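So the structure is just underneath, and the comments pick up after that.
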Amino acid sequence: MRSVDIIQKKRDGVELTPSELIFLIDGYTRGDIPDYQLSAWAMAVFFRGMTPRETASLTLAMANSGDQVDLGPISGIKVDKHSTGGVGDKTTMILAPLVASMGIPVAKMSGKGLGHTGGTIDKLESIEGFRTELSRERFMTQVNDIGLSVIGQSENLAPADKKLYALRDVTATVESIPLIASSVMSKKIAAGADAIVLDVKTGSGAFMKTLADAEKLAQAMVDIGTEVGRSTAAVISDMDQPLGFAIGNALEVEEAIDTLKGIGPQDLTELCLTLGAHMVVLGGKSDSYEAAKEQLQERIDSGAALAKFKAFISVQGGNPSIVDDPSMLPHASCIMEVKAEASGYIHAIEAEQLGLAAMHLGAGRVTMDAAIDYAAGLTLRKKIGDAVKAGECLALLHLHEQNELSEEVSRRVFQAFTISPEPPNVRKLILSVVTSRGITRYS
């Protein structure tokens, strides 16, 4: 078998076999196949695409390139959740205890963030003492004991994906739906879950800017899951504006706590109940999505979900008192207001610009070895559709000192808001749901 023949075959639009894809991925991971040949293959995929069977084979080849997590010692159906990323996305901190309170084991591996704000691991580590580095044995024991654990992702989980993504990033082949789908799903499959619920973002603050592209990506990932025997569903949600009001690590922990108390933002609550309901159905605890949603709301109302979050924090070394007294979380010493200069209605918010603003304040990383300021970030005071008066606060900047950088960030935040005289049409939060049975649209 030769790489050049496989490249030529894909260039000509011919479906590759599983053995050919394994040959390519294994050879590239070992260093036997050079970058220039994988670059040529990736460009051929970019233009020719892949069949669902090919994409599933590629995904398995990447999943098998490193550690395989066997969650067999954990009883029950293990349901994982993945988000394609967005601004203010703190759903894992809410969903994990909420779904676990239904008796569904949540054994989750998450990564640190690169970009707008930290990842789920960074957000949890803003809780004093919280540990995300647990042995595999302790991880599984904890899930069996309290139904929940979230730990840092192994460096050797799907290493082929990490190497291929770095290559795609410098060869203009990132925007290929089969390659994006296999990248996401290879890590989820290697992590050992029985079922997977995907939160696919679309809009100005998402990687997929259009609903059509988001649906294509969601369908590709659901097809992969189905092909490899993992029950999979995808919810497509709006990211034309940040999710909730908080953007920043400790700020998002506090908003997650509010949501578990039943006093969180409406959009964040709605998304968590929607994703959670699909997790409950795939986890075998309900036959009906609507019934599952009602059951999850009951867990919030009764305090069961919040109690699970407290237990989770405690067993992983954190101080559970932050749930009752969020002032114990890291807080910035300086808060700046960003004010509107005109009256009207919030017509648009550039979510990506707000995410970048939070990063410049210290809430995110430009490089993986950069330090994070857990207290830094933004709190929105207005969302799309809200009325605003001149001089009224649009957002708060959380930082440690006011300087030239903070003034620049303040301008960036101000420019991210568009105010118009007439109220806008506000897009729905949940736009589509994709399952093996097809696409259901709500937009």
Side-chain angles (χ1 to χ4, degrees), residues 1-70 80 82 84 153-194 196 198 200 207 213 216-232 234 434 436:
M1 198 176 291
R2 299 191 312 161
S3 302
V4 65
D5 297 326
I6 298 172
I7 295 166
Q8 182 178 344
K9 190 174 175 181
K10 176 43 63 180
R11 181 202 68 186
D12 296 339
V14 179
E15 183 178 43
L16 301 179
T17 66
S19 60
E20 287 169 331
L21 288 163
I22 291 169
F23 175 83
L24 271 183
I25 294 304
D26 285 357
Y28 183 57
T29 305
R30 288 194 308 267
D32 298 338
I33 297 175
D35 281 352
Y36 61 81
Q37 286 194 309
L38 252 289
S39 298
W41 170 80
M43 190 60 77
V45 171
F46 183 89
F47 284 110
R48 287 294 192 171
M50 300 184 90
T51 66
R53 186 164 53 187
E54 267 184 305
T55 310
S57 297
L58 171 63
T59 304
L60 283 177
M62 293 200 296
N64 292 331
S65 67
D67 292 343
Q68 295 284 298
V69 181
D70 178 11
D80 201 354
H82 175 80
T84 58
Q153 188 171 289
S154 164
E155 285 294 318
N156 200 40
L157 201 70
D161 169 62
K162 187 175 182 179
K163 191 172 181 182
L164 179 56
Y165 186 87
L167 184 71
R168 288 164 53 210
D169 195 36
V170 295
T171 57
T173 53
V174 169
E175 294 89 348
S176 164
I177 284 176
L179 295 180
I180 296 169
S182 59
S183 174
V184 171
M185 294 297 287
S186 64
K187 294 188 285 290
K188 293 292 104 181
I189 289 165
D194 301 312
I196 303 162
L198 303 157
V200 181
F207 184 70
D213 283 345
K216 287 178 186 175
L217 175 60
Q219 188 68 70
M221 292 191 289
V222 169
D223 287 345
I224 291 170
T226 303
E227 187 75 23
V228 303
R230 310 290 174 95
S231 300
T232 308
V434 182
S436 59

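Just so it is clear, the model here is predicted, and its values are computed rather than measured. The chain is numbered in sequence order, starting from 1.
Between I224 and I189, the closest side-chain pair of non-hydrogen atoms falls below 4.5 Å. For the pair V174 and F207, the minimum side-chain heavy-atom distance is below 4.5 Å. Side chains of L167 and S39 form a contact here, defined as non-hydrogen atoms less than 4.5 Å apart. Looking only at side-chain heavy atoms (C-beta outward), S182 and M50 stay at 4.5 Å or farther from each other. Under the 4.5 Å side-chain criterion, counting only non-hydrogen atoms from C-beta, T84 is not in contact with L198. I6 has its side chain out of reach of R11: every pair of non-hydrogen atoms, C-beta onward, lies at least 4.5 Å apart. Looking at L38 and L164, their side chains come closer than 4.5 Å, going by heavy atoms from C-beta outward. Two residues are said to be in side-chain contact when any heavy atoms from C-beta on lie closer than 4.5 Å; M62 and P159 fail this criterion.
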Margin query: Applying side chain to side chain contact (heavy atoms under 4.5 Å, CB included) to L217 and I180, what does each step give before you reach the verdict?
Written below: CA-CA 8 Å; L217 175 60; I180 296 169; 3.7 Å; yes
* side chain to side chain contact (heavy atoms under 4.5 Å, CB included) evaluation trace for V200 with M221 -> CA-CA 10 Å; V200 181; M221 292 191 289; 3.7 Å; yes
request  = Tell me, with the steps shown, if I33 and L24 meet side chain to side chain contact (heavy atoms under 4.5 Å, CB included).
outcome  = CA-CA 7 Å; I33 297 175; L24 271 183; 4.0 Å; yes
Task: Residue pair S57, E227: steps toward the side chain to side chain contact (heavy atoms under 4.5 Å, CB included) verdict - done: CA-CA 9 Å; S57 297; E227 187 75 23; over 6 Å; no
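A donor-acceptor distance shorter than 3.5 angstrom exists from the side chain of Q68 to the backbone of A63, with no hydrogens or angles considered. With hydrogens and angles disregarded, a donor-acceptor distance shorter than 3.5 Å links the side chain of K163 to the backbone of Y28. When atom types are taken as modelled, the side chain of D169 and the backbone of Y165 share no donor-acceptor pair closer than 3.5 angstrom.
V4 and Q37 make their closest contact through N-NE2, 4.0 Å (heavy atoms, listed as atom of the first residue, atom of the second, distance). Of all non-hydrogen atoms in K10 and A44, the two that sit nearest each other are CG-CB, 3.7 Å. Considering every non-hydrogen atom in both R168 and S183, the closest pair reads NH1-CB, 4.1 Å. Of all heavy-atom pairs between V222 and S436, the closest is CG1-N, 3.6 Å. Taking each heavy atom of V434 and A218 in turn, the nearest pair found is CG2-CB, 3.8 Å.
Between R53 and E15, at least one side-chain nitrogen of the basic residue sits less than 4.0 Å from a carboxylate oxygen of the acidic one, meeting the salt-bridge criterion. Taking a cutoff of 4.0 Å between a charged side-chain nitrogen and a carboxylate oxygen, R230 and D194 do not qualify as a salt bridge.
Distance CD1/I25 to CD/E20: 12.5 Å, rounded to 0.5 Å. Here the straight-line distance linking atom CG of D67 with atom CG of N156 works out to 4.0 Å at 0.5 Å rounding. With rounding to the nearest 0.5 Å, the separation of OG in S176 from CE in M43 is 10.0 Å. From D223, atom CG reaches atom CE of M185 across 9.5 Å, with rounding to the nearest 0.5 Å. To the nearest 0.5 Å, atom CH2 of residue W41 and atom CG of residue L179 are 5.5 Å apart. Taking CG from L58 and CD from E54, the interatomic distance works out to 8.5 Å, rounded to the nearest 0.5 Å.
More than 12 non-hydrogen atoms from other residues, nucleotides or ligands lie less than 6.0 angstrom from NZ of K9. Atom NZ of K162 is surrounded by 12 or fewer heavy atoms from other residues, nucleotides or ligands within 6.0 Å.
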